Amino acid sequence: MATERTLSILKPDATRRNLTGKINAKFEEAGLRIVAQKRLHLSDAQAGAFYAVHKERPFYKDLVSFMTSGPVVVQVLEGENAVQRNRDIMGATNPANAAPGTIRKEFAESIEANSVHGSDSAENAATEIAFFFAGTEIVG
Ligand code: RTP
Ligand code: MG
């Protein structure tokens, strides 16, 4: 299996509750390496553009408003099969359906305030990483 990179976001519910270290520990314990990381407060325009794929979904407006409600931490995670591995550690979108031991099972507050974002394909990972990071900011 090839080494991959994926984009991760620690969402405002996670930064508000000071959970960034606990969540990062989950990534590192699972063999993912944090090769880039920065804390940002997303603007409406940034969050709207990042989630443009969901523009027609009923939850889009609420999602943009949630994602701009406080700081986020955007990260690049690197490792074997990183996209799927990160999705596995995150757990299901709705914490009520998330498996024991996953980040969302342990930390998420709701289907919206679910603590983390992770790219859902290698192709989207490349687009999402480029959205937030210059190549020189990623140090593998
Ligand atoms: P993400 O993109 O954040 O990694 O999460 P995901 O793939 O598991 O979920 P997705 O379907 O892509 O939805 C993106 C984010 O929108 C919020 N959401 N709210 N109120 C709702 O029914 C609802 N559904 C989704 C969540 O924050 C979800 O992670
Ligand atoms: Mg998604």
Side-chain angles (χ1 to χ4, degrees):
M1 228 165 267
T3 296
E4 264 184 353
R5 287 176 175 173
T6 190
L7 184 87
S8 167
I9 305 179
L10 309 184
K11 294 184 178 183
D13 67 286
T15 60
R16 177 169 47 77
R17 288 176 291 149
N18 216 16
L19 292 172
T20 62
K22 283 189 172 150
I23 295 174
N24 279 350
K26 292 267 200 194
F27 297 140
E28 293 181 338
E29 281 159 15
L32 293 170
R33 192 170 287 273
I34 302 163
V35 295
Q37 176 165 261
K38 58 189 170 189
R39 187 173 171 103
L40 301 171
H41 197 137
L42 298 179
S43 66
D44 259 18
Q46 279 177 308
F50 183 78
Y51 280 115
V53 51
H54 293 312
K55 217 175 175 69
E56 306 307 324
R57 307 280 283 277
F59 58 78
Y60 175 74
K61 216 169 159 244
D62 280 351
L63 175 60
V64 169
S65 137
F66 165 61
M67 290 299 289
T68 57
S69 67
V72 298
V73 176
V74 295
Q75 321 170 295
V76 180
L77 306 180
E78 183 181 86
E80 296 255 310
N81 206 15
V83 172
Q84 189 55 49
R85 186 172 296 203
N86 183 38
R87 299 287 293 186
D88 291 345
I89 302 164
M90 289 163 59
T93 309
N94 185 344
N97 303 327
T102 61
I103 292 168
R104 284 167 168 169
K105 182 65 173 187
E106 286 191 23
F107 301 120
E109 295 183 313
S110 67
I111 190 170
E112 176 179 81
N114 59 5
S115 306
V116 281
H117 162 86
S119 308
D120 59 12
S121 68
E123 191 188 353
N124 285 340
T127 309
E128 292 181 359
I129 289 169
F131 186 91
F132 285 114
F133 292 98
T136 51
E137 294 179 297
I138 304 167
V139 184

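All ligand and atom numbering here is 1-based and tracks the order in the structure. For the numbers below, each heavy atom of this structure counts, side chains included, while hydrogens, waters and symmetry mates do not. The structure presented is a predicted model; accordingly, all values stated were derived computationally and were not measured.
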Q: Assess H54 for proximity to ligand 1: is some non-hydrogen atom of it under 4.0 Å away?
A: yes
Q | Worked check of salt bridge (charged side-chain N to carboxylate O under 4.0 Å, His left out) between R5 and E78 | A | CA-CA 4 Å; R5 287 176 175 173; E78 183 181 86; 2.8 Å; yes
Q: Look up atom CZ in F27 and atom CD in Q75, then write down how far apart they are to the nearest 0.5 Å.
A: 5.0 Å
(Q) Does the residue F66 have a heavy-atom contact with ligand 1, meaning some pair of atoms that are separated by less than 4.0 Å? (A) no
Q | Check against ring pair (Phe, Tyr, Trp, His ring centres under 6.0 Å), F50 and F131 | A | CA-CA 8 Å; F50 183 78; F131 186 91; 5.6 Å; yes
Q | Euclidean distance, N114 CG relative to I103 CD1, rounded to 0.5 Å | A | 10.5 Å
Q: Say whether E128 and ligand 1 are in contact under the criterion: heavy-atom distance to a ligand atom below 4.0 Å.
A: no
Q: Find all atoms of ligand 1 within a distance of less than 4.0 Å from any non-hydrogen atom belonging to Y51, and give their numbers and elements.
A: 3 (O)
Q | A113, any N or O under 3.5 Å of ligand 1 N or O | A | no
Q. Nearest protein heavy atom to atom 1 (P) of ligand 1, by residue and atom, and its distance?
A. H117 ND1, 3.1 Å
Q | For atom 3 (O) of ligand 1, the protein heavy atom that lies nearest, with its residue and separation | A | K11 NZ, 2.9 Å
Q) Charged N to carboxylate O under 4.0 angstrom, K22 versus E106? A) no
Q. Which of the atoms in ligand 1, numbered in the order shown and given with their element, are less than 4.0 Å from a heavy-atom of T93?
A. 6 (P), 8 (O), 9 (O), 28 (C), 29 (O)
(Q) I need the nearest protein heavy-atom contact for atom 28 (C) of ligand 1: residue, atom name and distance, please. (A) N114 ND2, 3.6 Å
Q.
Given D13, which partner from the list S115, S69, S110 fulfils the side-chain hydrogen bond (donor to acceptor under 3.5 Å, both in side chains) test?
A. S115
Q. Just which atoms of ligand 1 are under 4.0 Å from any heavy atom in G118?
A. 4 (O)
Q. Which residue supplies the protein heavy atom nearest to atom 26 (C) of ligand 1, what is that atom called, and how far is it?
A. I111 O, 3.2 Å
Q | N/O donor-acceptor pair under 3.5 Å between E137 side chain and A134 backbone | A | yes
Q | Nearest protein heavy atom with distance in Å, relative to atom 17 (C) of ligand 1 | A | L63 CD1, 3.8 Å
Q) Taking the minimum heavy-atom distance to atom 5 (O) of ligand 1, which of R87, R104, M90 ranks first? A) R104
**Q.** side chain to side chain contact (heavy atoms under 4.5 Å, CB included) between M67 and I9, worked out
**A.** CA-CA 10 Å; M67 290 299 289; I9 305 179; 4.0 Å; yes
Q: Quick one: look up the protein heavy atom nearest atom 27 (O) of ligand 1 and list residue, atom name and how far away it is.
A: E112 O, 2.8 Å
**Q.** Cationic tip of K38 above F133 ring, under 6.0 Å, 45° of axis
**A.** yes
